[in-house]
Protein chains: 2
Amino acid sequence: MAKSTASPSAAAVRQRGVTMSDVAKHAGVSRTAVSFVLSNRENTSISEETRARIIEAVQVLGYRPNAGARALASRRSDWYGIVTEIVTAPFAVDVIKGAQDQAWLDRRFLLIAPSDQADAVGPNQGLEDAATEKLLEQRVEGLLYAATFHRGVHVPASAQEVPTVLINCFDADGKLPSIVPDERAGGRVAVERLLRSGHRRIGVINLDPDIPAAVGRLEGARDALTSAGLELDPDLVVAGYATADGGYEAACQILDHPDPPTALFCLNDRMATGAYDAIKERGLRIPDDIAVIGFDNQELIAAYLRPKLTTVALPFQKMGALGVQTLNALTAGQPILADQQLVDCPLLERSSV
Amino acid sequence: MAKSTASPSAAAVRQRGVTMSDVAKHAGVSRTAVSFVLSNRENTSISEETRARIIEAVQVLGYRPNAGARALASRRSDWYGIVTEIVTAPFAVDVIKGAQDQAWLDRRFLLIAPSDQADAVGPNQGLEDAATEKLLEQRVEGLLYAATFHRGVHVPASAQEVPTVLINCFDADGKLPSIVPDERAGGRVAVERLLRSGHRRIGVINLDPDIPAAVGRLEGARDALTSAGLELDPDLVVAGYATADGGYEAACQILDHPDPPTALFCLNDRMATGAYDAIKERGLRIPDDIAVIGFDNQELIAAYLRPKLTTVALPFQKMGALGVQTLNALTAGQPILADQQLVDCPLLERSSV
DNA sequence: TTGAAAGCGCTAACAC
DNA sequence: GTGTTAGCGCTTTCAA
């Protein structure tokens, strides 16, 4: 941007309402010429000298293009919309960060509209619909839907009107492309890490067994074990509420098994907190007596636990970025790779294994 | 919105590009009439019957107003912009939530533009300026600046062009109105809580003594003590890094004092985590042997510690809402109450006192 | 190379 | 009550 290098005169700054015509007049050229240089139009030979005069006029007048007018005339807004419950329930904030960074790079604007987790799947889709509608009124060129936790969702019908991509969730009606974490690979990575440290008997603190995260992560755990010629002892897999207390109780049950494991795979970090307590209560040391690995990488938890929790991270930021990239492709009419893109969950080594 | 109650015919939905003229034609009225009923204009007697015909036309055609065109013609965008580092460093996310909820209520859109904490105060204001500029190009009617932690900031000059309010930070140049937490009252509340439980000798784990949060909270603590005819023992006030480790070290120093306190006021929750460890290490129980109170209410920490941490909350959401309310007043040409609005920090009782 | 002219979809006087 | 008329600030043919 030229404007950021030199600033317009103080007087000019105050005097808003400078239009393109003013610039043209000041530079002694036509509005078309100004439009051309400002939008960097190709093969439209404008002399270097004219271009310079225009740029200069822009600066001294403190001209600032009117994005709305431009959008109206060109019939493209350069806007994407994202409707998400993440602002409401700040867990996967990095999705927004990732999407926004990418949009910023692509010189697009991201309109963020709030949604409401409670309504996201149920019949009561009030906020979703309203948000989508609002976004569409702004003439966004693409729509993103992002959820705090991996699940199936129903997207308002009107979303079909522009390219739409789901992030950290998938279309329960199976039509829209989505971007989700590769839970299975993540589960595998976690258990492989444990195996690498010599653990052979592994306990698993499970989530609600029906949600995609639980299904995938457990499958991955089994994959790893199988590859090593081992298998999961069903006695050592216990589900609990996805909270510290739930983790505590599940851990107690596992630790008190007559033949207890030497390592614990907690399907999320919150439950790992509870597991820590159960372990310490029994006078065991982490990781010497028992190793613990988590999932989610909730920084505030994982990095502040003592010892710091080794865990598998959810690729929120990457999913966000991939979301807008996919939208870019879609709006450009390009084919996309797959209906569902799986994103890797990287292992974060800390000190609990 | 009428549209959300009945949905347009499937065919109509597909066929985008329905304009107000189409609606007028379909309803057999003028565009003006349509514009009037759609924008709920007052004292412009349109017969109930006409109005009904128009609404119906809107529905069957699946008409959706073009917000950009409307903005261009009416010269008001109904947009506010917020530039913040919060998306980058997700701590005070509730500011965004509060602002967004309020904006939504007021039927305004909030454009969120990312900023970069590192650059926020220094000479290198690259992102800030670019974000502000972008927002202004969208013709936002007001600007919000929000910081993750309470401090002085420099706002790009161009922000002066529209009403601007600072949230959780203040204008180092002292011109712009701001909304910040009442740190002093918060510190007072914390220590009063401790006094209420009979504690007389209180230790303080301090932050960097120069930042507004530290200054205010400590002052508040002193206020409370003074009111009770007590004073702070300087030996028992020790500053540390604002981390768990910093808290641990400071706590050790305080706890090993020959005449140790019976309660600890940690100026933030992260440091409280470390304090917990130091306390447990010494075989002391919370709150029986020593009470602990924090500050910040970082849910993930405060609610998962054992015992759960009693703490003082930062009113992020409220500040966000107040921010847009202030903007509303400003854009409406109303006077605002004060240059700096202080927002209360409520006490959150849990189990550590 | 540049300019004229039409029009994007809407609002808002003002006249009918 | 309703229609006419000008724009809002810009892009984009099409001619010059």
Side-chain angles (χ1 to χ4, degrees), chain A residues 15-55 57-58 61-79 107 109 134 136-141, chain B residues 15-55 57-58 61-79 107 136-141:
Chain A
Q15 157 225 358
R16 271 301 82 142
V18 181
T19 82
M20 194 176 255
S21 298
D22 298 326
V23 175
K25 206 169 302 164
H26 186 102
V29 300
S30 70
R31 270 175 37 220
T32 316
V34 177
S35 175
F36 281 4
V37 347
L38 255 41
S39 47
N40 274 316
R41 265 253 195 147
E42 318 249 293
N43 40 7
T44 170
S45 38
I46 298 220
S47 71
E48 258 323 309
E49 194 255 319
T50 311
R51 153 179 256 93
R53 274 222 312 289
I54 292 176
I55 302 276
V58 164
L61 295 181
Y63 168 71
R64 176 154 43 223
N66 181 322
R70 179 190 300 221
L72 183 57
S74 64
R75 285 178 276 316
R76 21 192 336 262
S77 63
D78 284 342
W79 290 338
R107 312 186 148 286
F109 234 106
K134 269 295 184 200
L136 256 13
E137 284 183 7
Q138 308 292 341
R139 297 302 188 264
V140 294
E141 294 177 11
Chain B
Q15 160 225 356
R16 273 296 87 144
V18 181
T19 82
M20 194 176 254
S21 298
D22 298 327
V23 174
K25 207 170 300 163
H26 186 101
V29 300
S30 71
R31 265 169 46 212
T32 316
V34 178
S35 176
F36 281 4
V37 348
L38 255 42
S39 48
N40 273 316
R41 265 253 197 146
E42 319 251 292
N43 41 7
T44 171
S45 38
I46 298 222
S47 70
E48 259 322 310
E49 195 255 320
T50 311
R51 154 179 254 94
R53 274 223 312 290
I54 292 176
I55 301 277
V58 164
L61 295 180
Y63 168 72
R64 176 155 42 223
N66 181 322
R70 178 190 302 222
L72 183 57
S74 64
R75 282 180 273 324
R76 17 190 338 259
S77 63
D78 283 343
W79 287 346
R107 311 186 148 286
L136 255 13
E137 283 182 9
Q138 309 293 340
R139 296 302 187 264
V140 294
E141 294 176 15

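These numbers come from a predicted model, not from an experiment.
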**Message:** Expressed as a whole number of angstroms, how long is the span from B:F36:CZ to C:dC10:C1'?
**Reply:** 13 Å
**Complete:** Atom CD of B:E137 and atom P of D:dC8 are separated, to the nearest Å, by 20 Å
**Request:** Answer yes or no: does a side-chain N or O of A:T50 lie under 4.0 Å from OP1 or OP2 of C:dT2?
**Result:** yes
**Asked** Would B:E141 and B:R75 satisfy side-chain contact (heavy atoms from CB on, under 4.5 Å), going step by step from the backbone distance to the final call?
**Response** CA-CA 10 Å; B:E141 294 176 15; B:R75 282 180 273 324; over 6 Å; no
**Item:** Length of the CG-P vector between A:D78 and D:dT11, whole Å
**Value:** 11 Å
**Message:** On the nucleotide D:dT11, are OP1 or OP2 found under 4.0 Å from the side-chain N or O atoms that A:R70 carries?
**Reply:** yes
**Request:** Could you state the atom-to-atom distance from NZ of B:K25 to P of D:dT2 in whole Å?
**Result:** 19 Å
**Prompt:** Got A:T19 and A:V23 here, is their nearest side-chain heavy-atom distance under 4.5 Å?
**Reply:** no
**5′-ward residue of the pair B:L72/A:S74 relative to DNA chain D** = B:L72
**Asked** Does the side chain of B:E137 reach to within under 4.5 Å of the side chain of A:F109, using non-hydrogen atoms?
**Response** no
At a cut-off of 3.5 Å, list every protein nitrogen or oxygen paired with a nitrogen or oxygen from nucleotides 4-7 of chain C, distance to 0.1 Å.
residue, atom, partner, partner atom, Å
C:dA4, N6, A:T32, OG1, 2.8

**Asked** Are the side chains of A:M20 and A:Y63 in touch, meaning some heavy atoms are under 4.5 Å apart?
**Response** yes
**Request:** Whole angstrom is fine here: how far is it from CG in A:N66 over to P in C:dC10?
**Result:** 17 Å
**Message:** When you compare the side chains of B:T32 and B:S35, does any donor N or O come within less than 3.5 Å of an acceptor on the partner?
**Reply:** no
**Prompt:** Over how many whole Å does the gap from B:M20 atom CE to C:dA12 atom P extend?
**Reply:** 10 Å
**Message:** Side chains of B:R76 and B:D78, heavy atoms from C-beta outward: is any pair under 4.5 Å?
**Reply:** yes
**Request:** Using atom CZ of B:R53 as one end and atom C1' of D:dT2 as the other, report the distance to the nearest whole Å.
**Result:** 12 Å
**Message:** Need one value for B:S21: base, sugar-phosphate or nothing, where a base atom within 4.0 Å counts as base even if backbone is also close, heavy atoms only.
**Reply:** nothing
**Item:** Test applied, side-chain contact (heavy atoms from CB on, under 4.5 Å); reference residue, A:V18; option that passes from A:V58, A:N66, A:L61
**Value:** A:L61
**Asked** Between atom CD in B:E49 and atom P in D:dG1, what is the gap in whole Å?
**Response** 12 Å
**Item:** Sugar-phosphate only, base, or nothing, as touched by A:S35 at under 4.0 Å among non-hydrogen atoms
**Value:** base
